[in-house]
Amino acid sequence: MAKEYNFREIEQKWHRLWVERQTYKVTEDEHREKFYVLNMFPYPSGAGLHVGHPLGYIASDIYARYKRLQGFNVLNPMGYDAYGLPAEQYAIKTGQHPEKTTFANIDRYREQLDKIGFSFDWDREVRTCTPDYYHWTQWAFQKMFNSYFDEELQKAQPIEKLIEKFKQEGTWPADEKAQSDLLMNYRIAFLGETMVNWCPKLGTVLANDEVVEGVSVRGGYPVEQKKMRQWCLRVSAYSQRLLDGLDTIDWSESIKETQRNWIGRSEGAEIEIPYTLSKDGDEAGSFTIFTTRADTMFGVTFFVLAPESELVDKVTTPDQRAAVDEYLKYVKSRTERERMIDHTVTGVFSGAYGINPITGDKCPIYIAEYVLAGYGTGAIMAVPAHDSRDYAFAKHFDLPIIPLVEGADISEESYDAKEGIVCNSPITPDKSVEYDGERLCLNGLTIKEAIAETKRFVKAHNLGRVKVNYRLRDAIFSRQRYWGEPFPVYYKKGIPTMIPEECLPIELPQVEKFLPTETGEPPLGNAQIWAWDEKNRKIVDKKLIDEAAGIYPIELYTMPGFAGSSAYYLRYMDPHNDQALVSDRAASYWQNVDLYVGGSEHATGHLIYSRFWNKFLFDLGVSKKEEPFKKLVNQGMIQGRSNFVYRIKETNTFVSLGLKDKYDVTPIHVDVNIVKNDILDLEAFKAWSPEYATADFVLEDGKYICGWAIEKMSKSMYNVVNPDMIVENYGADTLRLYEMFLGPVEQSKPWDTNGIDGCFRFLKKLWALYWDKDGNLALTDDEPSADSLKTLHKLIKKVTGDIEAFSYNTSISAFMVAVNELSQQKCSSRTVLQTLPVLIAPFAPHIAEELWEALGGEGSVCDAKWPQYEEKYLVETSVKLGVQFNGKVRFDMLFPADATPEQMIEIATSAPEAAKHLEGMDIVKTIAIPKRIVNIVVKPKA
RNA sequence: GCGCUUGUGGUGGAAUUGGUAGACACGCCAGACUUAGGAUCUGGUGCCGAGAGGCGUGUAAGUUCGAGUCUUAUCAGGCGUACCA
């Protein structure tokens, strides 16, 4: 009896030995080159892992193991993003403390992960919800509070420097409250009165990336705009650095592009517009507009303010007051969502007129919701001829439209393109205002030139300034929730004050109820022991709050999800350090993440916040690299493949896919776990639900064939495939191979169990290479044959190249080919067969360890040396070449491997096969492609 | 609307980067061994055609001796984003 591939026994054995031997423990070692591999850590949800989750982990584990075999000191940690809404909502429903459910979920995750055989160093595990971890989240927040962004140096600086500057300038106020308010305008973490996305259903504010199409990402509840005092992070200060950094990192172009759009840099000009409160009135003030099309100043026919702008009140004339108020009321009644979907033109005349500084024209000022308060200055100059939104507005309110580009047809729509020659600017020479003897004239210039010329003019005559605007907004950093990091902040006479650094962490207090209080305070309002005793430096009962005694209320907000996930990669470097986020030694050694693997859905969330957070810590000298993630690979999503059975209406009879059109049927989702290769397991189906216990079937060829569809993997579609079942039936090595064999890592693809047998068969074949009929090792010390050496070295070359390129599916194909070849060659050479376990170790570590041990290898296969291929085994003795003539004739012939292109042409043209084609022809030219083909182009003799 | 991205057999997907399209796997067909097979092994399998042969990488044109690969146009799907002036 040949020795069986008993994956259960092998995998259990090695899971045990890896733990006993601490195979995956890593320590800093300055004598070895480091390599840092990281996965985006998971949020441990109650549903456990499905087959989609491990995809990225397997991909990065393969790379980590490969790098280790190449001699690198590889850091490959794992942890949990443990704060989150689902645990809190579950707590609200059941009263169970979120920590309890979160930890239970973590245990379940860990159990599932362990079965797959990852090379994680679990000693470095982090959980964002434990005090020893969020200590450093709070610490970073305090550092941000005590820093400002120096525009000149383009980096964070201690706030003391700024205070010093104010003192020197004599602008430092004496009053403490005034000092606090002043500094709030500069601190990187600051309290700001801002428009926030308020989600009433969730009872909390949300960041911009947590809102999609006007509803919350979590739960899909409506979101409205509300002005609130919130903690914010001055992410926008880093806009330019966040943009520039993208050019230095190896990320996919699409993610970089998404981030560039999100940052939204636009170069333009701010121009001062004086206004009057009646057509012939005197100047009553001025406002500033922002434009990227300064060249269109001559086409301005009206101005527009955002309804939320503070200017609205100032420019509204008594006549128009009622109309404006009514319009503002209407705007306020609309939700974010309505405003987003419905783009009908609305607006109201304010009664005031803006004076175009270039033409001197007076144009009406409107108020309209199509202008956004949050971008630029909240005020625009409208050029209906060359902006589609202004055009629609002008048509609706019957305002003039002045074309400014030669040949542009604006009868039906505006001409928005930035191409063409400018005209009508000005229409007549006197139609422009003279400044210091100069008048602006753009006629005849290209649009690009005109923009530059206008900017110059505006700047030279002090009509405004050149300005770069960013779409990126400051991140709102507080949440009205329980299950998050508490702020280490108390309010001393209304002034936000930091709890001393030495007293951190401030632990999340216990509460009875996780809902907001009856008075509308956030859930932390339910905490009893939640006041700061300044003298004794400790947290006390809030009943004791007494300003005279130095006992103050503590902040009730908590931090958002991205707080804990923004710098976790630094913590993995030194997870047990209670003196610092990360020691200087560890940070200097590990530097930054060499390979980061995770989903592309974090492009505008985590991946921006993390880069921001790291840049801040870099400015502090804590992080050693400006960019946290050198290379990013976005693994695709695994979709579900649902199966259907077809029930004949009003019966309990099910008809197979091929015959269903003959009946009137209802498709019903059936659990994919009782379907194999689209064939339904009838007994399992009957047992699946009592309803089907007495089901009848109409079969084809004796089988019940199910229909299928690609859908999201979800419980309700019965298409969730759990990795545990695959591991149970085929083993972890097969699961790992199959997930990679499914297709390129970056690509989204449906989970389809149909092909898994191929990978399982491959492992069995690999296993079979090593054992004879009696179950003994079938190895010889004979010289390996040339064929088997060629097979081996071809494989080494292919696999090495493919791993580097993350092309795991093709390297697995190469393994399959190689094992088939070696099996056919009846290869039993120790030299060859000893190398295979090392090569397969990154993909299928369990079988690799077992074979390595059986062959008498030293220690773990993880510490073996990755083999080098040698060209000499790959050289062909002769090369097959085709000769191709003009037209379609062609034949194959053999050339010596070392033939030069000239010799190849010589041989080809003088070959007997060629003679009949060359008869009566002139050779126009000949081309030889090395090792491939000789082309001879001919034409009939003249 | 804008930005990015992908279109190759019945299916998942290969293609040394401009050089024999369809590797490898699933599925299917035939055969072998079996009491049996959803086990194992062998062979076949892009399409049309009995055959010789012809046609084939979403569609149409172009560059080239040669195009799945490059260029242009066009169609279709996916992702992101959205009144950003």
Side-chain angles (χ1 to χ4, degrees), chain A residues 212-213 252-262 264-266 268 289-294 296 304 306 339-343 345 368-372 374-383 386-390 392-393 416 469-473 600-601 603-604 634 636-637 641 676-679 681 703 708 737-738 741-744 746-759 761-762 764-765 768 797-798 801 807 809-818 820 880-882 884-888 890 892 924-938:
Chain A
V212 171
E213 288 175 0
S252 75
E253 209 38 58
S254 70
I255 290 263
K256 287 200 213 176
E257 204 49 40
T258 306
Q259 291 211 345
R260 284 191 195 109
N261 290 339
W262 190 259
R265 181 192 152 103
S266 62
I289 58 101
F290 174 73
T291 180
T292 55
R293 290 293 302 274
T296 57
V304 189
R339 221 170 137 165
M340 227 171 236
I341 294 166
D342 173 22
H343 283 188
V345 177
E369 59 178 339
Y370 84 90
V371 173
L372 306 177
Y375 184 76
T377 58
I380 63 153
M381 61 180 211
V383 185
H386 302 290
D387 182 288
S388 54
R389 295 153 302 175
D390 299 344
F393 196 86
D416 291 14
N469 247 319
Y470 299 91
R471 204 187 75 119
L472 184 67
R473 311 225 198 133
S600 56
E601 67 273 20
T604 53
N634 298 113
M637 292 236 278
R641 187 179 190 275
K676 190 165 175 182
N677 292 349
D678 289 338
I679 296 162
D681 181 334
K703 295 172 201 156
W708 58 272
L737 280 175
Y738 186 57
F741 188 66
L742 220 44
E746 285 99 334
Q747 197 171 300
S748 285
K749 57 234 153 190
W751 177 261
D752 178 354
T753 322
N754 290 348
I756 199 161
D757 290 310
C759 289
R761 253 189 293 248
F762 157 71
K764 282 196 282 193
K765 282 182 197 166
K797 185 177 181 179
K798 177 84 178 140
S807 182
N809 55 337
T810 51
S811 51
I812 293 168
S813 293
F815 271 115
M816 291 175 173
V817 173
N820 275 338
K880 192 175 165 193
L881 289 145
Q884 192 162 349
F885 292 85
N886 201 18
K888 307 203 164 170
R890 131 173 156 205
D892 293 332
V924 178
K925 62 173 161 178
T926 53
I927 300 153
I929 291 98
K931 290 195 181 180
R932 270 279 177 232
I933 287 169
V934 175
N935 291 300
I936 301 167
V937 186
V938 295

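Lettering of chains follows the sequences in order, A, B, ..., and the numbering in each one begins at 1. No experiment lies behind these values; they were computed from the predicted model shown.
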Discussion item. Any side-chain N or O of A:Lys764 below 4.0 angstrom from OP1/OP2 of B:U40?
Written reply: yes
Worksheet item: Looking across every strand, which nucleic acid part, if any, lies under 4.0 Å from A:Leu372 by heavy atom: base, sugar-phosphate, or nothing?
Response: base
Discussion item. Check whether A:Asp416 reaches the backbone of A:Ser388 with its side chain - one donor and one acceptor, N or O, closer than 3.5 Å.
Written reply: yes
Practice prompt. Would you classify B:U42 as syn or anti? Syn applies when the glycosidic angle is within 90° of 0.
Written response: anti
Practice prompt. For A:Asn469 and B:A85, give me the distance from atom CG to atom P, rounded to whole Å.
Written response: 9 Å
Item to complete: Starting at atom OH of A:Tyr470, determine the distance to atom P of B:A85, rounded to an integer number of angstrom.
Response: 14 Å
Practice prompt. Check every atom of B:C83, B:G13, B:U81 against the side chain of A:Lys749 and return the nucleotide holding the closest atom.
Written response: B:G13
Discussion item. What is the separation between atom CD on A:Glu746 and atom P on B:U6, rounded to the nearest whole Å?
Written reply: 11 Å
Discussion item. Please classify the nucleic acid contact of A:Lys798 as base, sugar-phosphate, or nothing, using heavy-atom distances under 4.0 Å.
Written reply: nothing
Fill in: Length of the line joining A:His386:NE2 and B:C83:P, which is rounded to integer Å
23 Å
Discussion item. Quick check on RNA chain B: between A:Asn820 and A:His343, whose nearest nucleotide comes earlier from the 5' end?
Written reply: A:Asn820
Discussion item. Tell me whether the rings of A:Tyr370 and A:Phe393 are parallel (<30°), tilted (30 to 60°) or perpendicular (>60°).
Written reply: tilted
Response to the item:
Checking B:A85, B:G38, B:C26 against the side chain of A:Asp681 (C-beta onward), the nearest is B:G38
Discussion item. Looking at A:Tyr375, I'd like to know whether one of its side-chain N or O atoms comes within less than 4.0 Å of OP1 or OP2 on B:A85.
Written reply: yes
Discussion item. Using atom P in both nucleotides, what's the gap between B:C75 and B:U63 to the nearest angstrom?
Written reply: 23 Å
Worksheet entry | Toward the 5' end of RNA chain B, by each residue's nearest nucleotide, A:Trp262 or A:Asp387 | A:Trp262
Response to the item:
Closest non-hydrogen atoms of A:Ala603 and A:Ile255, given as atom of the first, atom of the second and distance, are CB-CD1, 3.8 Å
Worksheet item: Relative to each other, are the rings of A:Phe762 and A:Phe815 parallel, tilted or perpendicular (30° and 60° limits)?
Response: tilted
Item to complete: Grab the two heavy atoms, one from A:Asp390 and one from A:Ile380, that are nearest each other, plus how far apart they are.
Response: OD1-CD1, 3.7 Å
Discussion item. Between B:A60 and B:C65, how far apart are the two C1' atoms, rounded to whole Å?
Written reply: 23 Å
Practice prompt. Could you run through RNA chain B and flag its stems, i.e. three or more consecutive Watson-Crick or G-U pairs with both distances under 3.5 Å?
Written response: B:1-7 with B:75-81, B:10-12 with B:24-26, B:27-32 with B:40-45, B:46-48 with B:53-55, B:58-62 with B:70-74
Worksheet entry | A:Glu369 side chain, from C-beta outward: closest of B:G80, B:U81, B:C83 | B:C83
Fill in: A:Thr810 and A:Lys798, any side-chain heavy atoms less than 4.5 Å apart
yes
Worksheet item: Quantified in whole Å, what is the P atom distance between nucleotide B:G43 and nucleotide B:G38?
Response: 22 Å
Discussion item. Rounded to whole Å, please give me the gap between CG in A:Asp757 and C1' in B:U11.
Written reply: 15 Å
Worksheet item: Between OG1 of A:Thr258 and CD of A:Glu253, what distance do you get to the nearest 0.5 Å?
Response: 10.0 Å
Worksheet item: With sugar-phosphate meaning primed atoms plus P, OP1 and OP2, does A:Arg260 contact a base, only sugar-phosphate, or nothing at under 4.0 Å between heavy atoms?
Response: nothing
Worksheet item: Quantified in whole Å, what is the P atom distance between nucleotide B:C26 and nucleotide B:C41?
Response: 10 Å
Fill in: B:C4 to B:A14 separation - C1' atoms, rounded to the nearest Å
25 Å
Fill in: For B:G22, glycosidic torsion class - syn if within 90° of 0, otherwise anti
anti
Worksheet item: Among the nucleotides B:C26, B:C41, B:A85, which one has an atom lying closest to any side-chain atom of A:Arg761?
Response: B:C26
Practice prompt. Please tell me which of the listed nucleotides, B:A25, B:U40, B:A14, lies nearest to the side chain of A:Met816?
Written response: B:A25
Response to the item:
When rounded to whole Å, the CE to C1' distance for the pair A:Met637 and B:C79 reads 10 Å
Worksheet item: Among the nucleotides B:A14, B:A85, B:U81, which one has an atom lying closest to any side-chain atom of A:Arg471?
Response: B:U81
Practice prompt. Quick one: label A:Pro750 by what it contacts on the DNA or RNA (base, sugar-phosphate, nothing), any heavy atom closer than 4.0 Å.
Written response: nothing
Practice prompt. Using the C1' atom as the reference point in each nucleotide, state the distance between B:G7 and B:U59 in Å, no decimals.
Written response: 11 Å
Item to complete: Starting at CG of A:Asp757, measure out to OH of A:Tyr738 and round the result to the nearest 0.5 Å.
Response: 9.0 Å
Worksheet item: What is the distance from atom CE of A:Met816 to atom SG of A:Cys759, rounded to the nearest 0.5 Å?
Response: 4.0 Å
Practice prompt. Rounded to the nearest angstrom, tell me the gap between atom OH in A:Tyr370 and atom P in B:C83.
Written response: 13 Å
Worksheet entry | B:U45 and B:G10, which share atom name C1', separated by this distance in whole Å | 11 Å
Practice prompt. Would you mind telling me which of B:U81, B:C26, B:A25 lies closest to the side-chain atoms of A:Phe741?
Written response: B:A25
Worksheet item: Between B:U8 and B:A76, how far is it from one C1' atom to the other, in whole Å?
Response: 15 Å
Worksheet item: Picking from B:G80, B:A85, B:C4, which would you name as closest to the side chain of A:Glu257?
Response: B:C4
Discussion item. Between P on B:G80 and CG on A:Asn261, what's the gap in Å once rounded to a whole number?
Written reply: 14 Å
Worksheet item: Base, sugar-phosphate alone, or nothing: which one does A:Val304 contact when heavy atoms must sit under 4.0 Å apart?
Response: nothing
Discussion item. Need one value for A:Gln747: base, sugar-phosphate or nothing, where a base atom within 4.0 Å counts as base even if backbone is also close, heavy atoms only.
Written reply: sugar-phosphate
Worksheet item: With sugar-phosphate meaning primed atoms plus P, OP1 and OP2, does A:Ser813 contact a base, only sugar-phosphate, or nothing at under 4.0 Å between heavy atoms?
Response: base
Worksheet item: Given B:A85, B:A82, B:A14, which nucleotide is nearest the side-chain atoms of A:Thr292?
Response: B:A85
Worksheet item: Is A:Lys797 touching bases, backbone alone, or none of the nucleic acid, heavy atoms closer than 4.0 Å?
Response: nothing
Discussion item. From the set B:A14, B:A85, B:U81, return the single nucleotide nearest to any side-chain atom of A:Asn809.
Written reply: B:A14
